[in-house]
Amino acid sequence: SQQGEEDPQALSIQEGENATMNCSYKTSINNLQWYRQNSGRGLVHLILIRSNEREKHSGRLRVTLDTSKKSSSLLITASRAADTASYFCATDRYSSNTGFQKLVFGTGTRLLVSP
Amino acid sequence: DTEVTQTPKHLVMGMTNKKSLKCEQHMGHRAMYWYKQKAKKPPELMFVYSYEKLSINESVPSRFSPECPNSSLLNLHLHALQPEDSALYLCASSQQGRTEAFFGQGTRLTVV
């Protein structure tokens, strides 16, 4: 399976603290994405990092990518209670037959931010 | 309009019922997807449609039957489901050449 592994599975922090979650994957990639899912709802795309990039920022989010180790990390700085959600990394497998990508999601990290 | 709309939000059906899940997007995306998500698990790809044609079927049982009537609509027809098919069913779309997927809010399906 191409499915990635994320750790920790669950993370509980206080508001204002930073949250770091890690993702490891198995095959070579074009891009790696991070998604957020509030409880039982749809996923929201957060950030995409290309295979030739090592670090990317978006607001309070910082993503790193190490293709030699096949791993990525997502850092959320100054966390808020509203950041409570599950976070998934996703790698894409491009299909030359269809011209579209197939996303494969990691196992996810459940983040709880307490006020 | 950057939304993917799924209906219904919740569905309870018996094992002998036939029902359909619906998904709609008006972003001009030509790829649409069905994912299945069990509790505390990641989404798993079921089907991919590109340009209204079925491109990928991830060995999904025939009791799930997808349909793409036009470039904006995607249906998932359900028949003779099992209780283990209870899950959150997510629809998504993406633009060709872009890898970011836009997801709907999902349909919470319970099979009794």
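No hydrogens, no waters, no symmetry mates; every other heavy atom, side chains included, goes into these values. On a predicted model such as this, the values are computed, not experimentally measured, just so you know. Order of the sequence lines fixes the chain letters, A, B, ..., with proteins taken first and strands second; residue numbering starts at 1 for each chain.
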Cluster check A:Leu112, A:Leu61: I/L/V/M/F/W/Y, side chain < 4.5 angstrom:
no

Minimum heavy-atom distance between A:Phe88 and B:Pro42, given as atom pair plus value
CE2-CA, 3.6 Å

Counting heavy atoms not belonging to A:Lys56, are there more than 12 under 6.0 Å from its NZ?
yes

Can you confirm whether more than 12 heavy atoms, excluding those of A:Gln9, are under 6.0 Å from its CD atom?
no

Would you say CZ of A:Arg60 has more than 12 non-hydrogen atoms from neighbouring residues, nucleotides or ligands within 6.0 angstrom?
yes

Working to the nearest 0.5 Å, report the span between CZ of A:Phe105 and CD of B:Gln37.
8.5 Å

NZ on B:Lys41 to OG1 on A:Thr107, rounded to 0.5 Å
8.5 Å

Do B:Leu21 and B:Val12 land in one hydrophobic cluster if side-chain heavy atoms of ILVMFWY residues count as linked below 4.5 Å?
no

Correct closest heavy-atom pair for A:Tyr35 and B:Thr99 would be OH-O, 4.1 Å

For chain B, which residues of residues 42-49 of chain A have at least one non-hydrogen atom nearer than 4.5 Å to it?
A:Gly42, A:Leu43, A:His45, A:Leu48

Sort by residue number and list every residue of residues 62-79 of chain B having at least one heavy atom under 4.5 Å from chain A.
none

Could you tell me the separation between the CZ atom of B:Phe103 and the CZ atom of A:Arg41, rounded to the nearest 0.5 Å?
15.0 Å

So, the part of A:Glu6 with a heavy atom under 4.5 Å from chain B: the answer is neither

Which atoms of B:Gln6 are under 4.5 Å from chain A, going by heavy atoms: the side chain, the backbone, both sets, or neither?
neither

Please check if the side chain of B:Tyr33 supplies one atom and the backbone of A:Lys102 the other of a donor-acceptor pair under 3.5 Å.
no

Quick one: disulfide (SG to SG under 2.5 Å) pairs with a partner in residues 32-65 of chain A, sequence neighbours left out?
none

Partner residues of A:Arg62 under the side chain to side chain contact (heavy atoms under 4.5 Å, CB included) criterion, sequence neighbours left out:
A:Glu55, A:His57, A:Thr64, A:Leu75

Where is the tightest heavy-atom contact between B:Glu100 and A:Gln33, given as atom of each residue plus distance?
CA-OE1, 3.5 Å

Decide yes or no on side chain to side chain contact (heavy atoms under 4.5 Å, CB included) for B:Leu88 and A:Gln37, but give the supporting numbers first.
CA-CA 12 Å; B:Leu88 181 68; A:Gln37 183 178 34; 3.8 Å; yes

